[in-house]
Protein chains: 2
Amino acid sequence: MSKVSDFPYESTLEVRDTCMCLHLQRAARAVARRFDEAFRPLGLTNGQFSILMSLNRPEAPVMGDVARLLALDRTTLTANLKPLERRGLVEIRPDADDRRSRRLKLTKDGEQLLLQAHPIWRDTHADLDSQIDDPQRLRDDLLKLA
Amino acid sequence: MSKVSDFPYESTLEVRDTCMCLHLQRAARAVARRFDEAFRPLGLTNGQFSILMSLNRPEAPVMGDVARLLALDRTTLTANLKPLERRGLVEIRPDADDRRSRRLKLTKDGEQLLLQAHPIWRDTHADLDSQIDDPQRLRDDLLKLA
DNA sequence: ATAAAATAGGTTGATGTCAAAGGTTTCGGA
DNA sequence: TCCGAAACCTTTGACATCAACCTATTTTAT
C-alpha cells in the first residue's frame with residue numbers, strides 16, 4: 001500500500017489532446033521557426049519583423065500602442081527594441097507633447113529592410129495559408145483569444 | 001527628391017491583418033498569460049505544466065519524445081527541465097539500454113502537483129473554450145501548422 | 001570488424017517573455 | 001492650486017527559445 005493517489009493517465013491524454021494553450025504554443029513555435037528561417041538571410045526574426053512592420057505608419061507610434069497591437073508586455077517590447085536600435089533600424093525619441101511617451105520611428109535603413117523582407121513574408125505566408133482550409137476563419141478565432 | 005522608395009503603408013496593413021505568424025504569436029502570448037496567472041499559486045508556468053503532464057506515462061519518455069510532442073527544441077527542453085529538477089518534480093537518469101538517451105521520470109511530488117493543477121487547468125480551459133465557436137476545428141487547424 | 005553516418009543530448013551566446021518594483025510625467029477633482 | 005491617481009516607461013531577475021557547435025553512443029554499410 002505504498003501508493004498515494006496516482007495522477008490518472010486518462011487525464012493526461014485529455015490535456016494532451018484538448019489543451020488549447022498547448023496547441024497554440026506548439027503551432028506558434030513551429031510557425032515562428034519557419035519565418036525565422038526564411039528571414040535569416042536578412043538577420044531578422046519573426047518578432048523583429050512584426051515590430052518593424054508595426055512601426056511603418058504615417059505617424060510614429062508610442063510604445064504602448066505597439067505593445068497592445070502585438071499583445072506584448074511593455075517591458076518585453078523595451079527589451080526587443082534594443083537590438084533593433086543598435087542596428088540603426090529604429091530610432092527612439094521622447095514625444096514632443098507628452099514627455100512620458102517615446103515615439104518609435106523606423107529609419108531609412110529599417111524601411112529598406114522591410115522592402116527586402118516583404119517578398120519573403122509573402123512567399124512564406126502563402127505556403128502556410130495553403131495548408132489551412134479557411135485561413136480567415138482561423139485568424140478570427142485567434143483574434144478572439146488575443 | 002530626397003525620398004528613396006518608401007515601404008507602402010498598404011503592405012503594412014496587409015501584413016498586420018493577415019499574417020498568421022503574428023496572429024498565432026499574439027494569441028499564444030495572451031493565452032499563456034492566462035494560464036500562467038491561473039497556475040501561479042502552484043508556482044507553475046503553462047510550459048512547465050505541459051512538460052510535467054507529458055511525463056505522466058506508463059513508461060517514462062526520453063527527451064526527444066517530449067521535445068517532439070511539444071514541438072520544442074531539444075536544447076530548450078534541457079533548459080526547461082532544470083528548474084523542475086531543482087524542485088524535485090522530475091528525475092533525469094540515463095536509459096538502461098541506450099546510454100545516449102535520458103529518461104524523464106515524474107516524481108511523487110511532481111505527480112501530486114499535477115493532481116493540484118488539473119482542476120485549475122480544467123476551469124481555465126473551459127473559460128477559454130467557451131469563447132470559440134468550434135474549439136475542435138481550431139485545434140485541428142493548429143495541429144496542421146505544428 | 002570497422003569506418004562513416006545517424007542519433008541523443010549538452011553548452012554557449014543572443015534574444016524573447018513576463019512579474020515585481022520603481023521613476024517620471026500628466027491629469028482630474030477638491 | 002495642488003495633491004492623489006493614472007499613464008507611460010525602465011530595470012531587474014527568472015525563465016523560455018533557438019542556432020551553432022560540441023561530445024558520446026549506436027547503427028549501418030562495406
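These numbers come from a predicted model, not from an experiment. Reminder, nothing fancy here: chain letters follow the sequence lines and each chain counts from 1.
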Write down the distance between CG (B:L52) and P (D:dA16), rounded to a whole number of angstrom. 11 Å
Nearest-Å distance for atom pair CZ/P, residues B:R29 and C:dG16: 11 Å
Just to verify, which of A:L145, A:D140, A:L138, A:L142 counts as forming a side chain to side chain contact (heavy atoms under 4.5 Å, CB included) with B:H23? A:L142
Under 4.0 Å, heavy atoms only, any strand: does A:D36 hit a base, just the sugar-phosphate, or nothing? nothing
Classify the ring geometry of B:W121 against B:H125: parallel below 30°, tilted from 30° to 60°, perpendicular beyond 60°. parallel
Provide, to the nearest angstrom, the distance between the CZ atom belonging to A:R34 and the P atom belonging to D:dA19. 14 Å
Side-chain atoms of A:R33 come closest, of D:dT26, D:dC18, D:dT11, to D:dC18
Under-4.0 Å salt bridge between A:E111 and A:K108: yes
For DNA chain D, what residues of residues 63-75 of chain A have any heavy atom nearer than 4.0 Å? A:M63, A:G64, A:R74, A:T75
Out of C:dA20, D:dC9, D:dC18, which has the shortest distance to the side chain of B:R40? C:dA20
Nearest-angstrom distance from the residue atom CG of A:L44 to P of C:dT15: 12 Å
Contact nearer the 5' end of DNA chain D, comparing A:V62 with B:R86: A:V62
Ion pair check, A:R139 and A:D129, cut-off under 4.0 Å: yes
Looking just at side-chain N and O atoms, do A:N56 and B:T12 make a donor-acceptor pair shorter than 3.5 Å? yes
Would you indicate which nucleotide in C:dG9, C:dT17, D:dT11 comes nearest to any side-chain atom of A:T78? D:dT11
Answer yes or no: is there an ion pair linking A:R87 with A:E85, defined by an N-O contact shorter than 4.0 Å? no
Using OP1 and OP2 only, check whether a side-chain N or O of B:Q25 sits under 4.0 Å from C:dG16. no
Per the atom types in the model, does the base of C:dT24 pair as donor or acceptor with the side chain of A:R100 at under 3.5 Å? no
Measure from CZ on A:R87 to P on C:dT15 and round the result to the nearest Å. 9 Å
Once you round it to whole Å, what is the distance between C1' of C:dT25 and CG of A:D95? 12 Å
Please check the phosphate of C:dA8 (OP1 and OP2 only) for any side-chain N or O of B:R102 closer than 4.0 Å. no
Report the distance from atom CD1 of B:I51 to atom P of D:dC15, rounded to the nearest whole Å. 13 Å
Establish, with yes or no, whether the OP1 or OP2 oxygen of D:dC9 is under 4.0 angstrom from a side-chain nitrogen or oxygen of A:R103. no
For the pair made of CG in B:L84 and C1' in D:dA16, what is the distance, rounded to whole Å? 12 Å
Short side-chain N/O contact from A:K82 to OP1 or OP2 of D:dT11, under 4.0 Å: yes
Minimum-distance nucleotide (side-chain atoms of A:T76 versus D:dC15, C:dT15, C:dC18): C:dC18
When you get a sec, tell me which of D:dT25, C:dG9, C:dT26 is the closest nucleotide to the side chain of A:R99? C:dT26
Taking A:R29 as the fixed residue, which of B:L72, B:T76, B:D73 is the one that meets the side chain to side chain contact (heavy atoms under 4.5 Å, CB included) rule? B:L72
Counting only side-chain heavy atoms from C-beta out, which of C:dG16, D:dT17, C:dG10 sits nearest to B:N80? D:dT17
Taking only Lys NZ, Arg NE, NH1 and NH2, and the carboxylate oxygens of Asp or Glu, determine whether A:R137 and B:D141 approach each other closer than 4.0 Å. yes
Look at the side chain of A:S101 and decide which nucleotide, out of D:dC8, C:dT15, C:dG9, has an atom nearest to it. D:dC8
If you assign each of A:D98 and B:T45 to its closest nucleotide in DNA chain D, which residue comes earlier from the 5' end? A:D98
